[in-house]
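Within every chain, numbering begins at 1; the chains are lettered A, B, ... in the order of the sequence lines, protein sequences first and strands thereafter.
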Number of protein chains: 2
Amino acid sequence: MLSKKCKYAIHALVYLAERHEQGPVQIQDISDDQHIPKKFLEAILLELRHAKILESKKGKGGGYYLIKDPSEVNLMQVMRLIDGPIALLPCVSLNYYERCDECRNEKTCGIRDSLVHVRDETLKILGNSTLAKIVKREKSLKTK
Amino acid sequence: MLSKKCKYAIHALVYLAERHEQGPVQIQDISDDQHIPKKFLEAILLELRHAKILESKKGKGGGYYLIKDPSEVNLMQVMRLIDGPIALLPCVSLNYYERCDECRNEKTCGIRDSLVHVRDETLKILGNSTLAKIVKREKSLKTK
DNA sequence: TTATTAGTCTACTTATTAAGTAGAGAATCA
DNA sequence: TGATTCTCTACTTAATAAGTAGACTAATAA
């Protein structure tokens, strides 16, 4: 399961993607609209800024804005950044690999195979889910 | 990520599947062989018994054994039993559905679509990963 | 140049869940 | 009857998630 933090991050990014190239958006606005505790959201946006997905401006008229095109930011990146590994076990993770303490022999572990498969399918879908696509989908759902 | 508990459950089940129809296996044996804390393993096996996957026998010569064919037990069942939902959000879970507090309108949420897709692909793979297949795979890996 | 606005950042607190343990009890067998 | 092995409730401890406080810095505009 995704953490609330990650869910918040995604919703905030979608919100910013909808307002891409329309100037900075204040934390307070996102917090109000998306029902995310402001202080918590601050920390999340800061993390996204450090990851060079967002940039910010201080002072009056300031706020946060995307510095990547919405078509270049996808759910895989965001989930990895906020929640860490996408794989179901550390020993099948590409970005956060760790040995299993239990398995004496990783090579002969019959479970890994299925989980590698799950990981690959998941990455394919999440990597293909860009903010641009999500915004587009929401628009089409709303006009129905 | 899977919990340790779930990982333990899977390893214990694979161990028992390898010894299917060879009589009861003691908790201590599984614990020793798979490096699982005995008391913790007791609780896990009990849960699997309550789910009618295992049965047990008390007293001398007792222990646990599978009461389903290894081809009828898969990772989807075990993960759902031990860890709960497989979906990445409660609002896309088939067996553990819950409304999202944040999303005002689930119908127009552009994120769900991708996560439904991830869920379906994951279920397909996990549902297809039976104990029988895992045991077979381990055997073939070991003889290499 | 000062007041105001808005993000920055460290250091918390609190709540929840995961992981593991203790120990008395019940069934089975020799 | 006594040893063996699972049963089950009730813990403890550790880790992580979720949320908060407050002082600080940068930008803007009167």
Side-chain angles (χ1 to χ4, degrees), chain A residues 1-9 11-12 16 23-32 34-67 79 81-85 88-90 96 98 100-102, chain B residues 1-9 11-12 16 23-32 34-67 79 81-85 88-90 96 98 100-102:
Chain A
M1 282 275 184
L2 298 188
S3 65
K4 283 198 162 197
K5 189 176 173 188
C6 189
K7 206 163 30 159
Y8 291 157
H11 281 295
L16 288 172
V25 178
Q26 288 172 35
I27 298 178
Q28 190 67 61
D29 288 350
I30 308 176
S31 162
D32 290 344
Q34 297 294 310
H35 308 127
I36 305 172
K38 190 185 170 204
K39 270 295 188 179
F40 199 15
L41 181 58
E42 279 182 13
I44 294 167
L45 294 176
L46 208 52
E47 236 173 294
L48 293 168
R49 188 180 73 102
H50 288 150
K52 312 245 187 275
I53 294 173
L54 300 180
E55 193 42 89
S56 65
K57 209 172 156 245
K58 289 183 183 174
K60 182 144 198 178
Y64 274 98
Y65 51 96
L66 270 174
I67 48 170
M79 289 185 193
L81 181 69
I82 305 291
D83 278 352
L88 291 172
L89 285 183
Y96 296 84
E98 252 177 81
C100 276
D101 336 308
E102 294 79 33
Chain B
M1 282 273 184
L2 298 188
S3 66
K4 283 199 163 198
K5 190 176 173 189
C6 189
K7 205 162 33 158
Y8 291 158
H11 282 294
L16 288 171
V25 179
Q26 288 170 37
I27 298 177
Q28 190 68 61
D29 288 350
I30 308 176
S31 161
D32 290 346
Q34 296 294 309
H35 307 126
I36 305 173
K38 190 185 169 203
K39 271 293 188 181
F40 199 15
L41 181 58
E42 279 183 12
I44 294 167
L45 295 176
L46 208 52
E47 235 172 296
L48 292 168
R49 188 179 73 102
H50 289 149
K52 311 245 188 277
I53 294 173
L54 300 180
E55 194 40 271
S56 66
K57 211 173 155 238
K58 289 180 183 177
K60 184 146 195 176
Y64 273 99
Y65 52 96
L66 269 175
I67 49 169
M79 288 185 193
L81 181 69
I82 305 291
D83 277 353
L88 292 172
L89 286 183
Y96 297 83
E98 253 177 80
C100 274
D101 335 310
E102 294 79 34

>> Between P on D/dC6 and CG on B/Leu45, what's the gap in Å once rounded to a whole number?
In response: 9 Å
> Between B/Gly59 and A/Leu2, which is nearer to the 5' end of DNA chain D once each is assigned its nearest nucleotide?
Replying inline: B/Gly59
>> Of the options D/dT20, D/dA18, C/dC29, whose atoms approach the side-chain atoms of A/Lys5 most closely?
In response: D/dA18
>> Please pick, from C/dG20, D/dG19, C/dC9, the nucleotide with the shortest atom-to-atom distance to any side-chain atom of B/Tyr8.
In response: C/dG20
> In whole angstroms, how far is the C1' atom of D/dA18 from the CD atom of A/Glu47?
Replying inline: 13 Å
>> Expressed as a whole number of angstroms, how long is the span from B/Phe40:CZ to D/dT13:C1'?
In response: 13 Å
>> As an exercise, state the distance from CD of B/Glu42 to OG of B/Ser31, rounded to the nearest 0.5 Å.
In response: 9.0 Å
> When rounded to the nearest 0.5 angstrom, what distance separates CG in A/Leu81 from NZ in A/Lys5?
Replying inline: 8.5 Å
> Counting side-chain heavy atoms from CB outward, which of D/dG22, C/dA27, D/dT20 is closest to B/Lys58?
Replying inline: C/dA27
>> Minimum heavy-atom separation for A/Asp83 and A/Leu2, please, with both atom names.
In response: OD2-CA, 3.5 Å
>> Would you say that A/Leu54 contacts A/Ile67 through its side chain, given a criterion of any heavy-atom pair below 4.5 Å between the two side chains?
In response: no
> What is the distance from atom CG of B/Leu16 to atom CD1 of B/Ile30, rounded to the nearest 0.5 Å?
Replying inline: 4.0 Å
> Given D/dT28, is OP1 or OP2 found less than 4.0 Å from the side-chain N or O atoms of A/Lys57?
Replying inline: yes
Between the protein and nucleotides 10-17 of chain C, which nitrogen or oxygen pairs are less than 3.5 angstrom apart?
none

>> So, taking the atom named CD in A/Glu47 and the one named CD1 in A/Ile53, what distance separates them when rounded to the nearest 0.5 Å?
In response: 10.0 Å
>> Can you confirm whether B/Leu46 sits close enough to B/Arg49 that some side-chain heavy atom of one is under 4.5 Å from a side-chain heavy atom of the other?
In response: yes
> In whole Å, what is the span from the OH atom of A/Tyr96 to the P atom of D/dT16?
Replying inline: 14 Å
>> Using a 4.0 Å heavy-atom cut-off, does A/Glu42 contact any base of the nucleic acid, only the sugar-phosphate backbone, or nothing at all?
In response: base
> Looking at the side chain of A/Lys39, which of D/dT20, D/dG22, D/dT7 is the nearest nucleotide?
Replying inline: D/dG22
> Roughly how far, to the nearest 0.5 Å, is the CD1 atom of B/Ile36 from the NZ atom of B/Lys7?
Replying inline: 10.0 Å
> Do B/Tyr8 and B/Gln34 come within less than 4.5 Å of each other through their side chains, counting heavy atoms only?
Replying inline: no
> Nearest-Å distance, CD (A/Gln28) to P (C/dG7)?
Replying inline: 9 Å
> If you round to the nearest 0.5 Å, how far is NZ of B/Lys38 from CG of B/Asp32?
Replying inline: 9.0 Å
>> Whole angstroms only, please: what is the CG-P distance between B/Leu41 and D/dT7?
In response: 11 Å
> Starting at NE2 of B/His35 and ending at P of C/dA19, how long is that distance when rounded to a whole Å?
Replying inline: 18 Å
>> Mind checking if A/Ile27 touches a base, just sugar-phosphate, or nothing, with heavy atoms under 4.0 Å?
In response: sugar-phosphate
> For DNA chain C, which residues in residues 48-56 of chain A have a heavy atom at a distance below 4.0 Å?
Replying inline: A/Arg49, A/His50, A/Ser56
> Atom NZ of A/Lys7 to atom P of D/dG19: distance rounded to whole Å?
Replying inline: 10 Å
